[in-house]
Amino acid sequence: MLDKKYNALEKESKWLNYWNENKIYEFKKDDRKVFSIDTPPPTVNGKIHIGHIFSYSQTEMIARYKRLRGYNIFYPFGFDDNGLPSERLVEKEQGKKAHEIGREAFSKLCYQTTDKYEEEFQTLFSKLGVSTDWNIHYRTVSPSTIKISQTSFLDLINKGHCYHKESPALWCNECLTSIAQAELETKTIKTTFNYINFKTVETNEEFTIATTRPELLPAIVCVFVNPNDEVHNHLIGMNAHIPVINVDVPIMADENVAIDKGTGVVMCCTFGDQTDIFWWKKYNLPLKYIFTNDGKIINDVPNYGGMKIKDARKKIIEDLQAEGYVVKIEELEHEVQTHERCGKEVEYSVMKQWFIDIMNHKQDFIKIGNEIKWYPKHMHTRYDEWVNNVAWDWCISRQRYFGVPFPVWYCKDCGEPIFAKEEDLPVNPLVDKPNIDECPKCHGKEFIPETDVMDTWATSSVTPLINMRYKEKDNYEDILKPMSIRTNASEIIRTWDFYTIVKSFYHFGQKPWDNVMISGFVMADKGEKISKSKGNSKFEPIDLIEQYSADVIRYWAGSGRLGTDIVFSEETLLRGRKLINKIWNVSKFIEMHLQDYEDKEFNDYEYIDKWILQTFQEMEKGFINYLEEFEVGLALNTLEKFFWNFCDNYIEIVKHRLYRPIEFGEIPRYSGQKTVYTILYKLLQDFSIFFPFITEEIYQELYHQEKSIHLTNIKTLTFDFNKELKNGNDIIDIIKEARGEKSNKNVSLKTPIKNLDLHLNKDLKEGIELSIKDFKATLFIENLNIKDIKEGYSIDNIELDLESID
RNA sequence: AGAAGAUUAGCUUAAUUGGUAGAGCGUUUGUUUUACACACAAAAGGUUAUAGGUUCAAGUCCUAUAUUUUCUACCA
């Protein structure tokens, strides 16, 4: 028998153990169709917040739904533990920079730290009821992952999509590494717009340039003016004298100069921003790079060499002011590109870096995007927009320690890159030696290892390859090409989704998945997205699970429309708690009345039973339609609505028949038993997608045909009662109205109705006559008079037996 | 500055694609009815952000505007 009260904490840990011991979620190849899920490996940088709970739960519900629909579920969980995020976590915890700790010791600390957090993560996700098979989980630092990343790299090298080149790259002088465009985050900062006077060398004519970055004055290589700018175009062809720096540079024409921006005259440096780089390439301008990689002015620059960028900015403004070159200084708020991992403004640097070709295949990436179904649809637009806007090839090398090493050495003599052989992977060039005796180009015999590591996205973009154990023995390439679905939040469409598509296109020439499902964000109280870096989440997932239970947290996570941001609210949790409590209580009620029940063929259903069976059947159709579109929230909503109708209306009617077989007859009672037995079973199945714990507890107590409710199959009902049931809902409405009458008179709902006069149309009259016993019992009617009416119904007279109250 | 989404009761939201705007919380009132007071029944609360338009019919489609979120661009 079910307990009087449901103890969620105790039951949830009981079923967790049971599922583990009985390998309920184990993946094994068999003859069923596979539904495979490429779920994001969370970055191991500290904390899981409720935003994660939200989006991972929605994915998890899809897994459960598909499992109940007979699919063999391939649902591995991963952890993204390599790369910069982990390094920053360790640096933060140690209070020291990586280079201060040293490469080897630092990597060791990274492993220790990520191990610790991954255990916490795994516990948390398990407690949430995530139905993953932990035996197929992966880590992005594991040797097998490193091997696949390196294999992927070599494959791209062989196919000519990856190259090593000295080229300007985005540089973070906080993290001391190059980064990719996708890792940029725009931030608004306050700065000053400085109007500085220049003079032409030829005519000594003054003109003004406005800049936010006067420290770049020593890096100016030329000045640009728009040829259509009538105020300034006469300067073209002359030379400009840079104040304070005392260097002359040419004044050139380019139509990219916006006449109305600043003063309409632009100084061009290598490298101040992307336009500068564009001009540098277009006009083959000289390279004048004045920053060191750790954010200082190089020593060669007179007066400012060795200063930090921001100090140099101050100093140079002071010097300009002292000599009277500053016309005015305006306060300015503008958007700058920062590195998303540390929030510091990015610079540009020129070093040899590894790049993956993006720019030559944009159209292919758009095409693949079109072949994938995006849920919700408008997320496809975001993808397209990103691909169309990408301006750089993907720089995948990072001047860091804790990542996948490049399987590359360089010939000491000629610099030729030597690649590892595929069969030797994984390799660490710092430890391993290349598998050749001499450089094929110059016959040099000494090799220098590549010290850079790969961008973390270079690894996470191969999660489909990791999942399919690309090129390994016993791999899953046959069933996972493509995978069924990728799920993630919208912020990583430009990174994870995009890069995965890039890699899948280069490796296989095809889409990595059939579907992409994008969840919304969880917002903190008003309007602000919850994020790890902002630390604006008040609630700890683990506390919430302990306080409310995993099922209740999942109720919250499963509400809301796909792709739509939601605000975290404890009210929703309370609503979920009530729903779960109700499921428990109605199950207890049904269990009570099924003590003598035996399931057998039966067709002689009572009218009201037919009504609820038919209503359920139609609800479930809509429910399934929503889930096929991955709209878990709308599906849950549909189900919940039916469920309350079932409890408050149907159960209230049928309970009289269940309690009093002598009065109502054994067959009508059996009809009720069979109905509640059938519907509760199906309700439990449908609810198990959202509430895996409580539904398992009830299922095991009442049904237990299979090892677990999560191994059953949803079979839709195929009743056809619609012809007989013309007015089922109207009968409910009449009951509600009559109850309302009692409520308005402030009497108990059990108060007998002495006389009830009803006007009913033909169909409704037929319906009530077919359910006359149920109808009268539900409302405690003593005398019922039915009169005909053409359309609809009306309650003409309701006479309560008020004396019987006391 | 561009793109996409959102705006429905005090709060959180639904409306299966153009057909009577429904819930929950909160408020108020009543009922302790053999599953459940974490319940049941009921009441109040809406010009669906604003202004136009299309249509027999608009929360839903179109055009503006406002507010808001996300993404992208803008560093001269």
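First the proteins, then the strands, lettered A, B, ... as listed; each starts at 1.
As a whole-Å value, the separation of A:Ile694 CD1 from B:C38 C1' is 12 Å. Following rounding to the nearest Å, A:Glu183 (CD) and B:C71 (C1') show an atom-to-atom distance of 17 Å. Rounded to an integer number of Å, the gap from A:Arg577 CZ to B:C36 P is 18 Å. Rounded to an integer number of Å, the gap from A:Met379 CE to B:U70 C1' is 8 Å. Going from atom CZ of A:Phe643 over to atom P of B:A23 covers 18 Å, rounded to whole Å. For the pair A:Glu652 CD and B:U31 P, the computed distance is 18 Å after rounding to whole Å. Rounded to whole Å, atom P of B:U70 lies 10 Å from atom CD of A:Glu185. Distance CG (A:Leu562) to P (B:A6): 13 Å, rounded to an integer number of Å.
In this structure B:U65 sits in the anti conformation; its chi angle is more than 90° from 0.
In terms of modelled atom types and a separation under 3.5 Å, the side chain of A:Asp273 and the main chain of A:Asp276 share a donor-acceptor contact. In this structure, A:Asn488 contributes its side chain and A:Asp497 its backbone to no donor-acceptor pair below 3.5 Å.
The six-membered or imidazole ring of A:Phe630 lies away from that of A:Tyr65, with a centre-to-centre distance of 6.0 Å or more. No close placement of the A:His49 and A:Phe54 rings is indicated, their centers lying 6.0 Å or farther apart. For an aromatic pair to be called close, the ring centres must be under 6.0 Å apart, and A:Phe693 with A:Phe691 fails this. When ring centroids are compared, A:Tyr283 and A:Phe224 come within the 6.0 Å threshold.
Rounded to whole Å, the P atom of B:G10 lies 13 Å from the corresponding atom of B:A49. Comparing B:U28 with B:A66, their P atoms sit 41 Å apart, to the nearest whole Å. Rounded to the nearest Å, the gap between the C1' atom of B:A15 and that of B:A21 is 7 Å. Rounded to a whole angstrom, the distance from the P atom of B:A64 to that of B:A1 is 16 Å. Rounded to a whole angstrom, the distance from the C1' atom of B:U70 to that of B:A9 is 28 Å. A distance of about 15 Å separates the C1' atoms of B:G22 and B:U60, rounded to the whole Å. With both ends at atom P, the span from B:C11 to B:G46 equals 12 Å, rounded to whole Å. The same atom, P, is picked in B:U34 and in B:U17; the two are 43 Å apart, to the nearest Å.
Distances from the side chain of A:Lys4 to the nucleotides B:C40, B:U16, B:C36 place B:C36 closest. Across B:G5, B:U16, B:C75, the shortest atom-to-atom separation from the side chain of A:His378 is found for B:G5. Ranking B:U70, B:G22, B:A15 by closeness to the A:Ser490 side chain, first place goes to B:U70. Between B:C40, B:G5, B:A15, one nucleotide has an atom nearer to the side chain of A:Arg561 than all others, and that is B:A15. Of the candidate nucleotides B:C75, B:U16, B:C38, B:U16 has the atom nearest to the side chain of A:Tyr626. Ranking B:C75, B:A41, B:A14 by closeness to the A:Tyr348 side chain, first place goes to B:C75.
Taking a pair to require two hydrogen-bonding distances under 3.5 Å in either a Watson-Crick or a G-U wobble arrangement, B:U33 remains unpaired. Judged by Watson-Crick or G-U wobble contacts below 3.5 Å, the nucleotide B:U28 has B:A42 as its partner. Here B:A1 sits opposite B:U72 as a Watson-Crick or G-U wobble pair (both hydrogen-bonding atom distances under 3.5 Å). Look at B:U8: it lacks any Watson-Crick or wobble partner with both distances under 3.5 angstrom. Across all strands shown, B:A51 is found opposite B:U63 as a Watson-Crick or G-U wobble partner, with both distances under 3.5 Å.
Residue contacts shown for A:Val265 are limited to sugar-phosphate atoms, with no base heavy atom under 4.0 Å away. Counting any heavy atom pair closer than 4.0 Å across all strands shown, A:Lys588 reaches sugar-phosphate atoms only and no base atom. Within 4.0 Å (heavy atoms only), A:Trp644 reaches sugar-phosphate atoms of the nucleic acid but no base atom. Across all strands, A:Cys647 comes closer than 4.0 Å to base atoms (heavy-atom distances). A:Gly622 comes within contact range of no nucleotide atom at all, as no heavy-atom separation falls under 4.0 Å. Within the 4.0 angstrom heavy-atom criterion, no nucleotide atom of any strand lies near A:Phe224. A:Lys736 comes within 4.0 angstrom of the backbone, heavy atoms only, and of no base. Counting non-hydrogen atoms under 4.0 angstrom, A:Asp276 reaches nothing in the nucleic acid. A:Asn581 comes within contact range of at least one nucleobase, with a heavy-atom separation under 4.0 Å. Across all strands shown, A:Thr275 has heavy atoms under 4.0 Å from sugar-phosphate atoms exclusively, and none from any base.
In terms of phosphate contacts, A:Lys582 brings a side-chain nitrogen or oxygen within less than 4.0 Å of OP1 or OP2 of B:C40. The phosphate of B:A73 (OP1 or OP2) has a side-chain N or O of A:Gln181 nearer than 4.0 angstrom.
If you find the closest nucleotide of RNA chain B to A:Lys745 and to A:Gly563, the one lying nearer the 5' end belongs to A:Gly563. Of the two residues contacting RNA chain B, namely A:Gly740 and A:Trp386, the nearest-nucleotide position lying further toward the 5' end is that of A:Gly740.
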**Request:** Evaluate ring-ring contact (aromatic ring centres under 6.0 Å, His included) for A:Phe568 paired with A:Trp556, printing each intermediate quantity in order.
**Result:** CA-CA 8 Å; A:Phe568 179 77; A:Trp556 164 76; 4.8 Å; yes

**Message:** I'd like to know whether A:Thr211 forms a side chain to side chain donor-acceptor pair (under 3.5 Å) with A:Asn194, so could you lay out the CA-CA distance, the side-chain angles of the two residues, the decisive distance to 0.1 Å, and finally the verdict.
**Reply:** CA-CA 5 Å; A:Thr211 178; A:Asn194 310 284; over 6 Å; no

Donor-acceptor pairs are to be reported for all side-chain atoms of residues 570-581 of chain A against protein atoms at under 3.5 Å, with residues two or more places apart or in another chain.
residue, atom, partner, partner atom, Å
A:Glu570, OE2, A:Tyr548, OH, 2.9
A:Thr572, OG1, A:Ser569, OG, 2.5
A:Arg575, NE, A:Tyr555, OH, 3.1
A:Arg575, NE, A:Glu640, OE2, 3.3

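Of the residues listed (A:Asn173, A:Ile179, A:Leu184), the one engaging A:His339 in a side chain to side chain contact (heavy atoms under 4.5 Å, CB included) is A:Ile179, and it is the only one.
Aromatic ring orientation, A:Tyr677 versus A:Tyr597: tilted (interplanar angle from 30° to 60°).
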Name the pairs: protein N/O against N/O of nucleotides 24-29 of chain B, kept only if under 3.5 Å.
residue, atom, partner, partner atom, Å
B:C25, OP1, A:Lys578, NZ, 2.1

